[in-house]
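Taking it in order: structure first as structure tokens, then the write-up.
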4 protein chains.
Amino acid sequence: MNKPVTTQPIEIIKDKRQAILDTALTLFVSQGFHGTSTASIAKQAGVATGTLFHHFPSKEALMECLFLTIKQEFADALLLNIHKGNDLKHNAMQLWQSAIDWSLANPVKQLFFQQYSMSPMITPKVRDQAMNSILGFISELIKQGQMMGLIAHYPVELMLENCHGQYLAATRFFIDNPQLGTNKDYRNASFELFWKAMQS
Amino acid sequence: MNKPVTTQPIEIIKDKRQAILDTALTLFVSQGFHGTSTASIAKQAGVATGTLFHHFPSKEALMECLFLTIKQEFADALLLNIHKGNDLKHNAMQLWQSAIDWSLANPVKQLFFQQYSMSPMITPKVRDQAMNSILGFISELIKQGQMMGLIAHYPVELMLENCHGQYLAATRFFIDNPQLGTNKDYRNASFELFWKAMQS
Amino acid sequence: MNKPVTTQPIEIIKDKRQAILDTALTLFVSQGFHGTSTASIAKQAGVATGTLFHHFPSKEALMECLFLTIKQEFADALLLNIHKGNDLKHNAMQLWQSAIDWSLANPVKQLFFQQYSMSPMITPKVRDQAMNSILGFISELIKQGQMMGLIAHYPVELMLENCHGQYLAATRFFIDNPQLGTNKDYRNASFELFWKAMQS
Amino acid sequence: MNKPVTTQPIEIIKDKRQAILDTALTLFVSQGFHGTSTASIAKQAGVATGTLFHHFPSKEALMECLFLTIKQEFADALLLNIHKGNDLKHNAMQLWQSAIDWSLANPVKQLFFQQYSMSPMITPKVRDQAMNSILGFISELIKQGQMMGLIAHYPVELMLENCHGQYLAATRFFIDNPQLGTNKDYRNASFELFWKAMQS
DNA sequence: TATGAATGAGACTTCATTCAT
DNA sequence: AATGAATGAAGTCTCATTCAT
């Protein structure tokens, strides 16, 4: 029996490891981490139960890999749109809108963050690592702004946490109300709320 | 055998149902919902496994009861400190400080909210019910402020979500840094960030 | 607080012991012995869980009491209609019709027999005792008929078992098809099948 | 390590699924459905508890599978011995004797039928399906006999139920008195009782 | 007689993980 | 790399029964 030289649809060629990650994302978001069995991930991904454990040593490891992969995707999307100009507010706005855009383009991944960023499923070490690498340059922006007198002089760590909280709130709102995601008024309002809090 | 005139320590008299709720709170926060077995709750609460199910039909029902009970406690604490004066900003600050105070006085309960307010362990129906009954008067305050020209004219639902997000961020910060909870500068800063976002 | 002198409806006055027996009958038939908890019997009978165990030392004892009580009821109904005439076939028919009548008048009790007469819930001792006391005079009738040359000369124990089997089949049929219970043709047919097997 | 050329005893080669079915049959008959724990089935079958649930989604499903499997076995045994000759009574006798033979050769399976054919453990749907597929050709035989004037003209469904009842009675008798199973007189008597009821 | 909270053994079932193929 | 039958520990929940009131 010869192996036929097929030009199969992309989805079928896509390697099993990626299929497992994709399926895990969907199921973790819709049913929770403990509500999702490795068997169900394997089944829906179209692989055998054993296969999952060839690619990931454990369920926890799969979760960690998923978390870091998506965080990296998010960071890449943000970095792509950073054009350091002289206008700090403009830069901040671009960053904010990029982040909102990404969350609207990847609602399932954003829901994944909402659910798991703070959950005990993610070890603090992994969480902090992911957070800092992303919030690192936010922190820099805030310090710069303060030195330039454009940003209020509150403790930086408090402001950082506040940024994160407002961002989560905004994406939560837009994901719950998808039709407003393209509405200029709402989009601007979400940034203005944020910026007013920050500015001096 | 005479019935002894007991002056038992309060903790022992406290009924078993409450002991179960208290223990569940602690364990859910420290080990997660799925990481906590009903057997361990019962054991640590000093009751038999069957007793838990005598008072709560299921583990989920126990969680729901716990969530609503604590939300009510929080709401009661806030309502106690509302003194409607003419100065809107002052009123808002009192509310904000009451909320922060409560979270510092009840750090475990606050952690419980951080973990479960957005989790799939809580039915959307229950979550919304709890949210609306509490955030209801916040919504009213915002609308009043807008009519008086003191609060910015952004969509109310977006502002509401933003309030919640900033509150979660502030309590997260103070619980992670307990020694700053009594620091006037940090406390004021947390309110100022919030208020600046809101004001017109 | 005075106890009012009420003339309560019979159902409420009916003593709790009987209420427990009645409820147990219904539930055992509809949900099976193991599918029925003592708690559910007590609840539906309108008594406390403990009360059941004041009247019956155990669930098994309740079952046994129920079984014997109903068997006795059935036997009483049959004996009432026995008028020993000279016509053996006529006597047999009266007996047969009485039995069918009883089963139609007490369908739940008949279903109870269908389910439990042969089940391991009833100890063989109790079962045999109940059986023999009733089938005793059937046995006598057969022997008489054989001596008179009216009944076929097969082994009595085999015929006895056959009688029982045909009776169960007939009641099963009439209970499954209640509208045919009053149909003369079906009623006569059920007896004729039985009698033809028996006669010599 | 070479794969040994095993000539293992048949019992050990027999797959685990079958071992579970066999053990379940024995235990359900001797201890009842609810008196038999899935753990005890697995243990006595020599497999892990999980294995049972790998092959059968639930205890109920195991019961259903067992019931249908045995019913099929019984039907196969009957069909094997049907030789449609011209003598209807002879055909009926062959069928009757085959059925009794099967019950004597498989007493445990027959006891299983006695206990569970009418029990609430078996869904009415499953019960009817099994019954009809087997009793289907009995029904045809009766109709044929009636057209040929050999069988009494009573309602077919009533006669069918009667057949079943007499069959259960006969097997009950022979299983309770195993030494009479080979006794010609008793065997013939059991058929004659049946046939006399049927004939016109 | 009646109550119903409390008990704890034991039931069914799930599931992450392994391993021979 | 891939498979999927097998494992057995651990989880949630049920329930007959007791006992202080």
Side-chain angles (χ1 to χ4, degrees), chain A residues 15-17 20 33-43 45-63, chain B residues 1 3 15-17 19-20 33-43 45-62, chain C residues 15-17 20 33-43 45-63, chain D residues 1 3 15-17 19-20 33-43 45-62:
Chain A
D15 76 348
K16 308 201 174 213
R17 192 188 131 93
I20 291 167
F33 179 75
H34 283 102
T36 304
S37 66
T38 53
S40 72
I41 297 172
K43 189 174 191 179
V47 304
T49 53
T51 306
L52 189 154
F53 290 90
H54 269 286
H55 291 287
F56 306 95
S58 72
K59 195 185 180 187
E60 273 76 22
L62 166 60
M63 172 55 114
Chain B
M1 213 194 301
K3 213 156 92 199
D15 74 349
K16 310 208 172 206
R17 193 189 131 94
I20 292 167
F33 180 75
H34 283 104
T36 304
S37 69
T38 52
S40 72
I41 297 173
K43 190 173 192 177
V47 303
T49 55
T51 305
L52 190 154
F53 291 94
H54 180 68
H55 290 287
F56 307 94
S58 70
K59 195 183 180 188
E60 273 77 22
L62 166 60
Chain C
D15 78 346
K16 308 202 174 212
R17 192 189 132 92
I20 291 168
F33 179 75
H34 283 102
T36 304
S37 66
T38 53
S40 72
I41 297 172
K43 189 174 191 180
V47 304
T49 54
T51 306
L52 190 154
F53 289 90
H54 269 284
H55 291 287
F56 307 95
S58 72
K59 195 186 181 186
E60 274 75 22
L62 166 59
M63 172 55 115
Chain D
M1 214 196 298
K3 214 156 91 198
D15 74 349
K16 311 207 172 207
R17 193 189 131 94
I20 292 167
F33 180 74
H34 284 102
T36 304
S37 69
T38 52
S40 71
I41 297 173
K43 191 174 192 176
V47 303
T49 56
T51 306
L52 190 155
F53 291 93
H54 180 67
H55 290 287
F56 307 95
S58 71
K59 196 184 180 187
E60 273 77 23
L62 167 59

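This one's a predicted model, so the numbers in the text were calculated from it and none came from an experiment. Order of the sequence lines sets the chain letters (A, B, ...), proteins ahead of strands, with each chain counted from 1.
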- Should D/Ile20 and D/Ile41 be marked as a side chain to side chain contact (heavy atoms under 4.5 Å, CB included) after you check the CA-CA gap, both sets of side-chain angles, and the distance that decides it? CA-CA 7 Å; D/Ile20 292 167; D/Ile41 297 173; 4.2 Å; yes

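- The CG atom of B/Asp15 sits 20 Å away from the P atom of F/dA20 (whole-angstrom rounding).
- If you take CG of C/Leu62 and C1' of F/dC15, they are 15 Å apart, rounded to a whole angstrom.
- Contact annotation: A/Lys16 side-chain N/O to F/dT3 OP1/OP2 distance is under 4.0 Å.
- Between B/Val47 and C/Arg17, the one whose closest nucleotide on DNA chain E sits nearer the 5' end is C/Arg17.
- In this structure, NZ of B/Lys43 is placed 14 Å from C1' of F/dA10, rounded to the nearest angstrom.
- In this structure, C/Ser40 reaches neither bases nor backbone, as no heavy-atom distance under 4.0 Å exists between it and the strands shown.
- Nucleotide F/dA1 is matched to nothing when pairs are restricted to Watson-Crick or G-U wobble geometry with both distances under 3.5 angstrom.
- Between C/Phe56 atom CZ and F/dT18 atom P the separation is 16 Å, expressed in whole Å.
- The partner of F/dT7 is E/dA16, judged by Watson-Crick or G-U wobble contacts that both fall below 3.5 Å.
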- Query: Between C/Phe56 and C/Met63, does a side chain to side chain contact (heavy atoms under 4.5 Å, CB included) hold up when you go through it step by step?
  - Reply: CA-CA 9 Å; C/Phe56 307 95; C/Met63 172 55 115; over 6 Å; no

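- To the nearest 0.5 Å, atom CZ of residue A/Arg17 and atom NE2 of residue A/His54 are 14.0 Å apart.
- Remark on DNA chain F: of its neighbouring residues C/Thr36 and A/Gly46, the 5'-side contact belongs to A/Gly46, judged by nearest-heavy-atom nucleotide.
- Closest heavy-atom contact between C/Thr36 and C/Lys59: O-NZ, 2.7 Å.
- Distance from the side chain of A/His55 is smallest to F/dA2 among F/dT17, F/dA2, F/dT7.
- The side chain of A/Thr49 places no N or O atom within less than 4.0 Å of a non-bridging phosphate oxygen (OP1 or OP2) of F/dG4.
- Across all strands shown, C/Ser37 has heavy atoms under 4.0 Å from sugar-phosphate atoms exclusively, and none from any base.
- For C/Ala42 against C/Ala48, the heavy-atom pair with the smallest separation is CB-O, 3.7 Å.
- The side chain of A/Thr38 places no N or O atom within less than 4.0 Å of a non-bridging phosphate oxygen (OP1 or OP2) of E/dC15.
- Within the 4.5 Å cutoff, no side-chain heavy atoms of C/His34 are placed close to those of D/Phe33.
- Between the CD1 atom of A/Ile41 and the C1' atom of E/dC15 there is a distance of 12 Å, rounded to whole Å.
- Of all nucleotides listed (E/dT17, E/dT3, E/dC12), E/dC12 comes nearest to the side chain of D/Phe53.
- Nearest-nucleotide positions on DNA chain E for A/Lys59 and B/Leu52 put B/Leu52 closer to the 5' end.
- Take the nearest nucleotide of DNA chain F for D/Gly50 and for A/Ala48: the residue whose nucleotide is more 5' is A/Ala48.
- Rounding to whole angstrom units, CD of residue D/Glu60 and C1' of E/dA11 are separated by 12 Å.
- Using a 4.0 Å cut-off, no side-chain N or O of A/His34 falls inside it from OP1 or OP2 of E/dA16.
- Atom NE2 of A/His54 is separated from atom P of E/dT17 by 14 Å (rounded to the nearest Å).
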